[in-house]
Amino acid sequence: MSRQAGSSWSSWTLGKSGASTIEEPPGSDLEDENFGSPRTFDPDFKGPVADRSCTDVLCCIIFILFIIGYILLGLMAWVHGDPRRVAYPTDSNGHFCGQKGTPNENKTILFYFNLFSCTSPSLLVNLQCPTTQICVSKCPEKFLTYMEMYFMYRTRENYWSYYSQFCKAASAKPVKAFTQLLLDDDCPTAIFPSRPFLQRCFPDFSTKNGLLTIGNKTTFNDGSGKTRNVVELRAAANGVNKILDARAIGMKVFEDYATTWYWILIGLTIAMLLSWMFVILLRVTAGFLFWVFILGVIGILAYGIWHCYQEYSKLQGKPNSHLSIYNIGIQTDISMYFQLKQTWFTFMIILAILEVIVIVMLIFLRDRIRVSIALLKEGSKAIGYIPSTLIYPVLTFIFLSICISYWAVTAVYLATSGTPIYKVIAPEGQCEHENKTCDPEIFNTTEIAKACPGAHCNFAFYGGKSLYHQYITTFQIVNLFIFLWLINFVIALGQCTLAGAFASYYWALKKPDDIPPHPLFTAFGRAIRYHTGSLAFGSLILATIQMVRLVLQYLDNRLKDAQSNISRFLQCCLKCCFWCLEHVVKFLNRHAYVMIAIYGQNFCRSARDAFNLLMRNVLKVAVMDRVTEFVLTLGKILVAGCIGILAFLLFTERIPMIVEGPTSLNYYWVPLLTVIIGSYLIAHGFFSVYAMCIDTIFICFSRTWYHLRCGALMTGASVN
């Protein structure tokens, strides 16, 4: 390499025939106009090793066996599972409600005879409420007890025709006395206004004059001679109203998406075009774009501060605007928070702090930023020569989607595996045989029915006594672990493939003539053919750490109430340690895959070489990695910010003179956040390719410089 006169860099000269002069900047091995051509340093190394052999064969075999086992697990779950059990509720006889081709085809809703028997909503949703459940075509719409119907039937027969909809079997008239009805449990003792939710009849609560009511009543007869309060019914179905409110919000969100879906697609398309534009501009001048990124982010933050101040000023003097978020509590109407001065003041402070942080970082990291700009320039050249690398994130997304879909489907089929299990249910809960397994076809002839009058044999859940059913939980854990392994393998494959492609560019003597044809596909095939075992090895280590973290989180959730302060502290320490370990392993694996792509060695040796190389340049790596990430993150923020501002102006109807956006939105922030997050993810896909390119070029150059120094020491070369 050569530098202009006046450079303060030191020069290394190899004292042999064909000696070459290499110059090193004081803060980095980079920042030369041609640092992508190391052929002057190491003429014997022409690029990624072509003569390779398979690495980590044992791990490759284990990985393939696990995949075959995973496929067999999915097939086994598919044979035993039945996803209809998720789609349809099940009555007390184990029959699906609403399933086509069955007597319940037109009966799509599950009705509970005695909702007071249910102590929590979770029992209702899991079909384990200790009361008879039948499939009905609609929910009750009025109050009516069996005794009231029995007496009024004598004058008006339509009372029985309405009430019989909620009985096990319809008959021409009510023939059973009330006491016999209680024993046989053929009909509910009372019905009350309900509405369907999650294909189940839940009480139709409402508020009137500040009082909780149901059917305009605060008290009612439960059919057994007791007067019940609405509050008692609310306690039996605790939390149902909150779920119904959440459903209402969900419907409003769905309406907003239905109104704005094409605007969202337009915004995401603009984000993709904007990302492509930045890619093209980076090939021309990375420095100029960097300062555009900086000014853009500073401008966006400044606009946010100004907007928050304007909204804060508008709320001055308005009633209730002085209230705090704590005062109003949790509200389903998000817009209420934007009527408070504290909300906008908090946003303004946060944005101001971010603005100061950005400016301070620019001042203190200006030298390292100069090096990062050099890296971006060389990276943009590499991507300019290999534009197909920008398409690879789409392939990674497809692979990840396949893995996620297979895991989700397998988990559902495993969860719905088994045959109907029936349990003894005693309405009063005073039967010694309660919760024992029973057979509904012969239950009335057993000793349990005689020992516990009024007990019933109702459907409880799906399960079985076979070896397969006993290990359902184990299979779910295996399903999750292999899923994590595959996800990390797909990411590792992408990193190794991109590293191989960019290494081909780096080691090319004459660009682009010496760059091999189709470098991306060549690198992909090379990684699959020779290094599946190595990639699986690195992925296995990371998946194991992630599995441990999930177990710790699961234990924390299950034992939260039973933990002491010491155990909570120890668990927090463990979670923090494994979080750090995961990120360290990710960082090391990423650079190990670069070494694998270049030299074709096994994972352990590549990881060792990468670790040693990084440790020799620990300060340069730490600063440059963070600064480069900061530069690329600025690009993501700028893309998402530009699209976010346009979407905000559109969805809040601030620019009607330019374009008329959607009107009458329930929550404008729903499509706004969708566009912003989607734009950020699109930009992340583009700039992640740059990040891998920069890491590869840095590793290649650092490795070349290391070999040069070792060669100089071994040959006794003079150092000037």
Side-chain angles (χ1 to χ4, degrees), residues 55-56 58-60 62-63 66 396 400 403-404 407 476-496 499 531-560 563 565-597 601-630 633 684 688 691-692 694-696 698-699 702:
T55 57
D56 296 304
L58 179 60
C59 193
C60 179
I62 295 175
F63 182 63
F66 265 82
T396 300
L400 292 177
C403 293
I404 294 173
W407 165 76
Q476 288 283 22
I477 296 174
V478 171
N479 180 34
L480 177 60
F481 178 75
I482 300 180
F483 164 71
L484 294 175
W485 194 357
L486 287 174
I487 288 293
N488 287 292
F489 177 82
V490 169
I491 296 173
L493 178 62
Q495 293 174 345
C496 190
H531 306 304
T532 296
S534 298
L535 300 179
F537 193 3
S539 305
L540 175 62
I541 297 173
L542 196 55
T544 303
I545 296 173
Q546 291 172 342
M547 194 69 185
V548 173
R549 288 192 63 201
L550 289 175
V551 171
L552 290 174
Q553 186 62 47
Y554 173 78
L555 293 176
D556 184 40
N557 293 336
R558 290 298 299 269
L559 305 176
K560 185 177 297 184
Q563 289 178 338
N565 293 332
I566 297 177
S567 61
R568 287 197 190 98
F569 173 75
L570 293 176
Q571 196 161 41
C572 287
C573 291
L574 282 174
K575 290 165 66 176
C576 180
C577 290
F578 277 98
W579 180 88
C580 295
L581 179 62
E582 179 184 353
H583 283 74
V584 169
V585 171
K586 279 183 178 180
F587 180 78
L588 184 59
N589 280 8
R590 180 184 179 92
H591 292 87
Y593 299 144
V594 176
M595 303 295 285
I596 291 173
Q601 297 169 340
N602 60 44
F603 176 79
C604 290
R605 184 170 179 179
S606 299
R608 182 198 64 187
D609 292 345
F611 178 78
N612 292 335
L613 188 64
L614 295 174
M615 288 300 100
R616 283 191 295 267
N617 301 273
V618 61
L619 293 178
K620 299 174 186 177
V621 170
V623 176
M624 290 184 60
D625 184 72
R626 293 301 95 190
V627 172
T628 302
E629 181 180 354
F630 173 70
T633 302
H684 175 75
S688 64
M692 198 67 212
I694 292 169
D695 284 347
T696 303
F698 178 76
I699 287 289
S702 299

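From a predicted model like this one, the values you see are computed outputs, not experimental measurements.
Distance check: R549 CZ to C576 SG gives 9.5 Å after rounding to the nearest 0.5 Å. For the atom pair CD1 of I699 and OH of Y593, the computed distance is 14.5 Å after rounding to the nearest 0.5 Å. Between L535 atom CG and L540 atom CG the span is 12.5 Å, to the nearest 0.5 Å. One distance of note links CH2 of W485 with CD1 of I482; it measures 8.0 Å at 0.5 Å rounding. Rounding to the nearest 0.5 Å places CG of L58 at 12.0 Å from CG of N602.
Contact check for L613 versus D609: no side-chain heavy atoms found under the 4.5 Å cut-off. No side-chain heavy atom of L570 sits less than 4.5 Å from a side-chain heavy atom of L574. With contacts defined as side-chain heavy-atom distances shorter than 4.5 Å, the pair R616/N612 qualifies. Within the 4.5 Å cutoff, the side chain of L550 has heavy atoms near those of the L484 side chain. Taking 4.5 Å as the limit, every side-chain heavy atom of N589 sits out of range of all side-chain heavy atoms of Q495. Residues T396 and L493 are not in side-chain contact: their nearest non-hydrogen atoms beyond the backbone lie 4.5 Å or more apart.
Annotation: F587 is in aromatic contact with H591 [ring centroid separation under 6.0 Å].
For the side chain to side chain donor-acceptor pair (under 3.5 Å) condition, the pairs that include at least one residue of residues 531-541, sequence neighbours left out, are R52-H531, T55-H531, T55-S534, D56-S534.
Remark: R605 CZ is loosely packed, at most 12 non-hydrogen atoms of other residues, nucleotides or ligands lying under 6.0 Å away. Heavy-atom neighbours of F481 CZ from other residues, nucleotides or ligands within 6.0 Å: above the threshold of 12.
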Show your working on side-chain contact (heavy atoms from CB on, under 4.5 Å) between W579 and H583 and close with a plain yes or no. CA-CA 6 Å; W579 180 88; H583 283 74; 3.0 Å; yes

Set out, in order, the CA-CA distance, both residues' side-chain angles and the distance that settles side-chain contact (heavy atoms from CB on, under 4.5 Å) for I541 and F603, then state yes or no. CA-CA 11 Å; I541 297 173; F603 176 79; 3.8 Å; yes

Under the side-chain contact (heavy atoms from CB on, under 4.5 Å) criterion, do M692 and V594 qualify, and how do the steps go? CA-CA 9 Å; M692 198 67 212; V594 176; 3.5 Å; yes

Passes side-chain contact (heavy atoms from CB on, under 4.5 Å), V548 versus L552? Steps please. CA-CA 6 Å; V548 173; L552 290 174; 4.3 Å; yes

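Within the 3.5 Å criterion, the main-chain N or O of L542 finds no donor-acceptor partner in the side chain of N488.
Of all heavy-atom pairs spanning V490 and C403, the tightest one is CG2-SG, 4.1 Å. The nearest pair of heavy atoms linking A592 to S606 is O-CB, 3.6 Å. Across all their heavy atoms, Q601 and I596 have their closest contact at O-CG1, 3.6 Å.
Aromatic ring pairs are classed by plane angle as parallel below 30°, tilted from 30° to 60° and perpendicular above 60°; the pair F483 and W407 is parallel.
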